[in-house]
Number of protein chains: 2
Amino acid sequence: MADSNPKAKRRAKRSSRPRPGGSVTIHRIAAEAGVSTATVSRALNQPEKVSAEARERVQAAIKRNHYILDGFAVGLASRRSRTIGLLIPTITNSIYASSTQAVQRVAQQNGYSVLVGVSEFSPSREEVLIQKLLERRVDGLVLTGEARSAAAYEKIKRNGVPFVVTWQLTADPALPSVSFDNRKATFAAVEHLIALGHRRIGLICGRTDVNDRALARREAFEACMARHGLPVSADLVFERDFEFVEGRSAMHAILRHRSRPTAVFCANDIQAIGAMYECQEAGVKVPEQMSIVGFDDLPISQYMHPQLTTVRVPADDMGKRATEMLLAAIEGKPGDQRVELTTDLVVRRSTATPKRQNRASAS
Amino acid sequence: MADSNPKAKRRAKRSSRPRPGGSVTIHRIAAEAGVSTATVSRALNQPEKVSAEARERVQAAIKRNHYILDGFAVGLASRRSRTIGLLIPTITNSIYASSTQAVQRVAQQNGYSVLVGVSEFSPSREEVLIQKLLERRVDGLVLTGEARSAAAYEKIKRNGVPFVVTWQLTADPALPSVSFDNRKATFAAVEHLIALGHRRIGLICGRTDVNDRALARREAFEACMARHGLPVSADLVFERDFEFVEGRSAMHAILRHRSRPTAVFCANDIQAIGAMYECQEAGVKVPEQMSIVGFDDLPISQYMHPQLTTVRVPADDMGKRATEMLLAAIEGKPGDQRVELTTDLVVRRSTATPKRQNRASAS
DNA sequence: CTGAAAGCGCTAACAC
DNA sequence: GTGTTAGCGCTTTCAG
């Protein structure tokens, strides 16, 4: 049973059956508008290259048939997705909502969509997400933090996908990043406390094993204390998840410490708010008996009572700049490779001079 | 210049050039594993239908070549995306983070990804997003609220994409939804205030023109007051955006009202927190001089001082159930069409009996 | 259990 | 300015 002419068979099939149950395709539009599929495609992507009449007939046919472009076919044929991937650790801490929103906004303004992946602070889950985003052929990637396996970076690079790191300045200058300096920001916060007269200061931060920003902040805290000749008790340092309740329980422990500190630096506002709540519940006045400084300057922080002293991070600007940098890289344009943004210490009402100087720790 | 054998030409091209700069495809894997592309595809999608040896050789070749599936090709050929779309109004109100997280979790557990679109409360922007999600060939859609143009619904249905409405029980029983009853929940909150002895109650809610949940809550507030024979002054009703500062400024106006109410019902916690802050700044004690009840029970609400009395909404469960219902519909399984979840009024410390009974309003 | 081959719907040379 | 046509990389009958 030799088939006489396979090609003819194929073409016949194609033109004769507009896919019974299938949706309307570019072929249908072309036929109704009396042009070729190429012209329809052009009318869609480069309208200026098509005559006005043809364009109008195509538009009419599209509207009449409720035609919807097939993104898969477009992506497959054009080898571009006009999509960027965004990897964030969590969606419930609103600080990431700010940067995410900025990324979305800039991407959209430039005709790109964004696919967001939430890793929940799990490195392995993040790798799976990177794989998935690569399978979806994202044109670029916005990453959170620099710490990830060499294999993960390898995978990204092998696929020729440009990326930019946010929330952490890359140690390796070859890796593009847009961030503020976590160390500098931490120094500002801790030195504010020290300048106020605090000598015994506790630390509540995120898990340094899965969060390089938490690690950077913890190390900076310790370096700052050391620089000022102040001791850091290991039992006054708490690494916890990003939850109000974690900040609260850490403060609970701090309050019953045999040698209670007069201030606590929280490496994020969520934990700071939990910590502040615990003080209030325990009848410990903030800031009179306990100064608290946070990090992030969440929108809620200035609506707390007392308002939280905290480090304002340029989340929105970071997302914006990172996306711009990424889009430039995608389109092969030159651009900065490493942008350092500034932070501000916002002194509000949760910090003050300690009431009674605790001289115990000064040897 | 008649080409002698077009088909031969095409095939020759295909097999001879593995795309110089291109990435590795299934053809390369097939060749290296000594099987056909069909077998590679099966090894990937229905491993049980492939012999163990073949499967292993394919796996090895995949690993060795760092092969990455092309999602576009898969989607185009299989006519399925294994992706669902999620439309939310905003990303900065953390209440949507909860439901979004649940949607992501359930989707992922079932092998689906989720594409989220943020409409910023703009109906036109939402329609554009629906179009984009349809172009990306989502297998289903999770919508927020029921109110949208007939054209939008038409578009979705014409493409045969199943959907489910959340955050609002659909009036039309033909439209699937998973939600709590906004009216009942509002009644519970307002009746709590009335039971406490409040007679003059203000309302702060979202914009009812672009938010049917806000509308439902406003109408329920008015109905509840009416049922109890209580008047609702138009100048004690505020429709504002979902921002702390909006709640604050509304409360500012309320506090200087010639006939200040003793309680305010806020249709969401964000505005309630802003309102509570304004009271504190103005030296008006909550709850002694002003009772405040919120709606949503955001995680932050119990860390406020005083803790906020509010309506707990089953955001997580709603996202979960909605996604399950949607996946069932996608896979053609039967299932519920309308699920009503319950809410709880969480009485905390921002509400109390009014200090001085305001008898002025009782005619 | 496996392979051959026909597309999925669109884009992009290339020719006219 | 417009049409022809060869794929993009994969899935999916259909045979065997």
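Quick note on labels: first sequence line is chain A, next is B, and so on, each numbered from 1.
Non-hydrogen atoms lying under 4.0 Å from DNA chain D are contributed by B:Ser41, B:Arg42, B:Asn45, all within residues 41-49 of chain B. Non-hydrogen atoms lying under 4.0 Å from DNA chain C are contributed by A:Tyr67, all within residues 58-67 of chain A. Taken residue by residue, residues 130-137 of chain A places no heavy atom nearer than 4.0 Å to DNA chain D.
In this structure, the NE2 atom of B:His27 is 10 Å from the C1' atom of C:dA5, given to the nearest Å. Rounded to whole angstrom, the span from the CD1 atom of B:Ile68 across to the P atom of D:dC10 amounts to 11 Å. If you measure from atom CD1 of A:Ile26 to atom C1' of D:dG3, you get 13 Å, rounded to the nearest angstrom. In this entry the distance linking CZ of B:Arg80 with P of D:dC10 reads 16 Å, nearest Å. Atom CG in A:Leu76 sits roughly 4 Å away from atom C1' in D:dC8 (whole-Å rounding). Residue B:Leu69 contributes atom CG, which lies 11 Å from atom C1' of D:dT11 at whole-angstrom precision. When rounded to the nearest whole Å, the span between CZ of A:Phe72 and C1' of D:dC8 equals 14 Å.
For the pair B:Ser51 and B:Thr37, nearest-nucleotide mapping onto DNA chain C gives the more 5' position to B:Ser51. Each of B:Arg57 and B:Ser78 has a nearest nucleotide on DNA chain C; the 5'-most of these lies closest to B:Arg57.
Residues satisfying the side-chain hydrogen bond (donor to acceptor under 3.5 Å, both in side chains) criterion with B:Glu324, sequence neighbours excluded, are B:Lys320. Residues passing the side-chain hydrogen bond (donor to acceptor under 3.5 Å, both in side chains) test with B:Gln108 are A:Arg125, sequence neighbours excluded. Applying the side-chain hydrogen bond (donor to acceptor under 3.5 Å, both in side chains) criterion to B:Arg105, with sequence neighbours excluded, gives B:Asp316.
Closest non-hydrogen pair, A:Thr144 versus A:Leu87, comes out as OG1-O, 2.6 Å. When all heavy atoms of A:Leu326 and A:Leu141 are compared, the pair lying nearest together is CD2-N, 3.5 Å.
Side-chain contact between B:Leu327 and B:Tyr112 is present, with at least one heavy-atom pair separated by less than 4.5 Å.
When heavy atoms are screened at a 4.0 angstrom cut-off, B:Val35 is found touching the sugar-phosphate backbone but no base atom.
Between A:Asp70 and B:Arg79 there is a salt bridge, with a side-chain nitrogen of the basic residue lying less than 4.0 Å from a carboxylate oxygen of the acidic one. Between A:Glu53 and A:Arg57 there is no salt bridge, since none of the side-chain N atoms of the basic residue sits less than 4.0 Å from a carboxylate O of the acidic one. For B:Arg148 and B:Glu127, the salt-bridge test fails: no basic side-chain N is under 4.0 Å from an acidic carboxylate O.
For A:Ala54, whose side chain is taken as the heavy atoms from C-beta onward, the closest listed nucleotide among D:dG9, D:dT4, D:dT2 is D:dT2. Closest approach to the B:Val50 side chain among C:dT2, C:dA12, D:dT2 is made by C:dT2 (side chain taken as heavy atoms from C-beta onward). Comparing D:dT12, C:dC8, C:dC10 against the side chain of A:Val74 picks out C:dC10 as the nearest. Distances were taken from every side-chain heavy atom of A:Asp70 (C-beta onward) to each of C:dC10, D:dG9, C:dT2; the shortest belongs to C:dC10.
Of the inter-residue distances, the one linking B:Ile91 atom CD1 with A:Ile91 atom CD1 reads 5.5 Å to the nearest 0.5 angstrom.
Using bins of under 30°, 30° to 60° and over 60° for the plane-to-plane angle, the ring pair A:Phe163/A:Tyr153 lands in the tilted bin.
For the OP1/OP2 pair of C:dG9 and a distance below 4.0 Å, the side-chain nitrogens and oxygens of B:Arg79 include at least one atom meeting the criterion. Residue B:Ser36 places no side-chain N or O under 4.0 Å from the OP1 or OP2 atom of C:dA4.
Proximity of a side-chain donor or acceptor of A:Arg137 to a complementary backbone N or O of B:Gly71 within less than 3.5 Å is not detected.
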